[in-house]
Amino acid sequence: MGSFNVTHPAFFLLTGIPGLESSHSWLVGPLCVMYAVALGGNTVILQAVRVQPSLHEPMYYFLSMLSFSDVAISMATLPTVLRTFCLNARNIAFDACLIQMFLIHFFSMMESGILLAMSFDRYVAICDPLHYTTVLTTEVIAAMGLGAAARSFITLFPLPFLIKRLPICRSNVLSHSYCLHPDVMRLACADITINSIYGLFVLVSTFGMDLFFIFLSYVLILHSVMAIASREESLKALNTCVSHILAVLAFYVPMTGVSTVHRFGKHVPCYIHVLMSNVYLFVPPVLNPLIYSAKTKEIRQAIVHMFRHIKI
């Protein structure tokens with residue numbers, strides 16, 4: 001067992017943005033703003049859904065799950081990102097790196113499952129409105145949320161062990177300010193075929209299938225909306241989906257880009273890898289609270305009402 005561990009470095013060295021090391025201090029401000037918006041905005045939505053009875057509906061319960069996953073993803077990356085950019089403290093222990101890697105992938109996959117559940121919510125609300133509250137009961141909503149979390153845990157449970165079995169001896173320098181599976185496995189001086197197949201399987205069987213069923217739900221929604229005689233009513237029905245569509249685009253477009261670059265862009269400059277990974281992890285938690293606050297009147301009203309009742 002001892003010989004199994006000797007090829008693992010005691011720690012990894014994280015990297016900010018290659019080629020821009022001298023500008024890291026200038027990036028601290030924007031990073032802090034993004035984390036403040038992500039953590040503050042999503043926490044406000046969580047609190048608004050909790051305290052406002054008008055938001056105790058399936059759509060907003062799913063939104064609170066989305067906000068929770070965004071907070072969790074932000075918290076998973078915040079310690080190492082700020083240490084790297086603010087303090088130039090680049091080291092992270094091997095086991096801590098594995099934990100962070102698992103948490104990032106876990107909550108990303110969970111968010112994908114929640115976005116799928118939200119598309120089902122919109123499908124039922126538009127295509128079968130009379131049974132909306134009877135289909136999406138509190139128990140069903142809770143089961144869907146727990147199912148998304150359980151799927152993530154079961155699917156990703158082998159991840160740390162697949163990394164631990166690899167002898168890592170090429171280098172201990174990672175190309176990001178946090179730990180990701182593709183980044184860590186590239187440092188191995190052994191065959192990584194199993195890890196690559198596992199990564200592709202996870203990508204297709206979870207994120208890929210989620211995206212397919214989200215697309216299918218909107219095909220059915222569009223078919224139902226087109227059957228509505230009133231143009232005003234059809235536009236009103238579609239308008240209830242705008243926030244979710246924007247959230248789906250904010251999550252899947254960067255994710256598709258970073259997955260494609262990691263898998264096929266071997267000759268793409270390193271800073272492109274880093275930039276796309278940062279967009280994938282930082283942008284959705286920042287945009288989601290802004291999207292739902294701007295596009296959903298009930299959320300705006302609840303937030304204003306909540307702040308008005310805060311005693312100073």
Side-chain angles (χ1 to χ4, degrees), residues 30-52 54-78 107-126 136 141 144-145 148 207 210-211 213-215 217-218 221-222 225 235-258 276-307:
L31 282 171
C32 289
V33 170
M34 286 194 294
Y35 275 118
V37 172
L39 295 174
N42 285 294
T43 301
V44 166
I45 288 179
L46 282 168
Q47 181 67 1
V49 174
R50 188 182 73 85
V51 301
Q52 296 297 325
S54 61
L55 299 184
H56 293 175
E57 297 181 7
M59 173 182 174
Y60 303 113
Y61 288 140
F62 286 125
L63 176 58
S64 66
M65 294 180 192
L66 184 68
S67 294
F68 172 79
S69 66
D70 282 337
V71 169
I73 290 174
S74 298
M75 290 300 295
T77 60
L78 184 146
F107 286 111
S108 295
M109 187 182 295
M110 183 176 170
E111 181 154 336
S112 177
I114 292 168
L115 288 170
L116 174 59
M118 294 174 81
S119 72
F120 179 70
D121 166 81
R122 292 299 83 208
Y123 166 76
V124 176
I126 293 173
L136 289 172
I141 294 168
M144 293 173 76
F207 296 99
D210 288 348
L211 184 58
F213 283 114
I214 290 172
F215 175 77
S217 70
Y218 275 104
I221 287 171
L222 189 60
V225 168
L235 290 176
K236 183 179 178 181
L238 283 176
N239 191 53
T240 65
C241 300
V242 172
S243 297
H244 178 253
I245 292 172
L246 292 176
V248 168
L249 292 175
F251 179 80
Y252 281 103
V253 170
M255 189 210 70
T256 303
V258 74
M276 297 194 71
S277 296
N278 288 341
V279 169
Y280 165 56
L281 286 179
F282 295 158
V283 169
V286 171
L287 286 185
N288 287 338
L290 299 179
I291 289 169
Y292 277 93
S293 298
K295 295 296 298 180
T296 309
K297 182 176 68 174
E298 293 79 7
I299 291 292
R300 288 199 308 273
Q301 292 175 340
I303 292 173
V304 170
H305 182 269
M306 184 177 66
F307 278 107

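Side chains are part of it too, since the values below use all heavy atoms of this structure and drop only hydrogens, waters and symmetry mates.
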(request) Start with the C-alpha gap between V248 and S119, add the side-chain angles, then the distance that decides, and say whether side-chain contact (heavy atoms from CB on, under 4.5 Å) holds. (result) CA-CA 9 Å; V248 168; S119 72; over 6 Å; no
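- Put simply, the side chain of H56 gets close to the backbone of R50: a donor and an acceptor are under 3.5 Å apart.
- N288 is listed as a side-chain neighbour of E111, based on a closest heavy-atom distance under 4.5 Å.
- In this structure, G113 and D210 approach most closely via the heavy-atom pair N-OD2, 3.5 Å.
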(request) With side-chain contact (heavy atoms from CB on, under 4.5 Å) as the test, would you mind laying out the steps for L63 and I299 before giving the verdict? (result) CA-CA 10 Å; L63 176 58; I299 291 292; 3.6 Å; yes
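- Here the shortest heavy-atom pairing between A302 and A48 reads CB-CB, 4.4 Å.
- Summarising the geometry, atom CE belonging to M144 is positioned 8.0 Å from atom CE belonging to M65; distances are rounded to the nearest 0.5 Å.
- Taking each heavy atom of M110 and A148 in turn, the nearest pair found is O-CB, 4.2 Å.
- Inspection of the Y292 and S67 side chains reveals no N or O donor paired with an N or O acceptor under 3.5 Å.
- Counting heavy atoms from C-beta on, the side chains of T256 and F207 never come closer than 4.5 Å.
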(request) Check the pair F251 / V283 against side-chain contact (heavy atoms from CB on, under 4.5 Å), numbers first and verdict last. (result) CA-CA 8 Å; F251 179 80; V283 169; over 6 Å; no
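- For the pair M59 and R122, the minimum side-chain heavy-atom distance is below 4.5 Å.
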(message) Show, in sequence, the C-alpha distance, side-chain angles and deciding distance for H244 and F62, and conclude whether the ring pair (Phe, Tyr, Trp, His ring centres under 6.0 Å) test is met.
(response) CA-CA 11 Å; H244 178 253; F62 286 125; 9.7 Å; no
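- Proximity of a side-chain donor or acceptor of T296 to a complementary backbone N or O of S293 within less than 3.5 Å is not detected.
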(request) Give the C-alpha distance, both sets of side-chain angles, the deciding distance and a yes or no for ring pair (Phe, Tyr, Trp, His ring centres under 6.0 Å) between Y35 and F282. (result) CA-CA 8 Å; Y35 275 118; F282 295 158; 5.7 Å; yes
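- Interatomic distance, CG of D121 versus CD1 of I141, reported as 7.5 Å (0.5 Å rounding).
- We find the CD1-NZ distance between I126 and K236 to be 12.0 Å, quoted to the nearest 0.5 Å.
- What you find for P284 and V279 is that their closest heavy atoms are CD-O, 3.5 Å.
- How far OG of S108 is from CE of M255: 9.5 Å, rounded to the nearest 0.5 Å.
- Although no hydrogens or angles enter the test, the distance criterion places a donor-acceptor pair under 3.5 Å between the side chain of T240 and the main chain of A237.
- Here the side chains of S74 and L281 are not in contact, with every heavy-atom distance at 4.5 Å or above.
- Put simply, the side chain of V71 reaches to within 4.5 Å of the side chain of L39, judged on heavy atoms.
- Within 6.0 Å of atom OH in Y218, more than 12 heavy atoms from other residues, nucleotides or ligands are found, so the atom counts as buried in its surroundings.
- Summarising the geometry, atom CG belonging to L116 is positioned 8.0 Å from atom CZ belonging to F213; distances are rounded to the nearest 0.5 Å.
- Among all heavy-atom pairs drawn from P289 and V37, the shortest one is CG-O, 4.2 Å.
- Remark: side-chain polar atoms of N239 are not paired, donor with acceptor, to backbone N or O of L235 under 3.5 angstrom.
- In this structure, the side chains of F120 and S217 stay at 4.5 Å or more apart for every pair of heavy atoms.
- Looking at S64 and I45, their side chains never come closer than 4.5 Å, going by heavy atoms from C-beta outward.
- Rounded to the nearest 0.5 angstrom, L66 CG and I114 CD1 are separated by 6.0 Å.
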(message) Before you tell me yes or no, could you show the steps for V44 and M306 under side-chain contact (heavy atoms from CB on, under 4.5 Å), namely the whole-Å CA-CA distance, both residues' side-chain angles and the distance that decides it to 0.1 Å?
(response) CA-CA 9 Å; V44 166; M306 184 177 66; 3.8 Å; yes
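- Under the 3.5 Å distance criterion, with hydrogens and angles disregarded, no donor-acceptor pair is assigned to the side chains of Y60 and S54.
- Between the N42 side chain and the P285 main chain, a donor and an acceptor come within less than 3.5 Å of each other.
- When all heavy atoms of L246 and K295 are compared, the closest pair comes out as CD1-CG, 4.5 Å.
- Remark: F68 CZ is loosely packed, at most 12 non-hydrogen atoms of other residues, nucleotides or ligands lying under 6.0 Å away.
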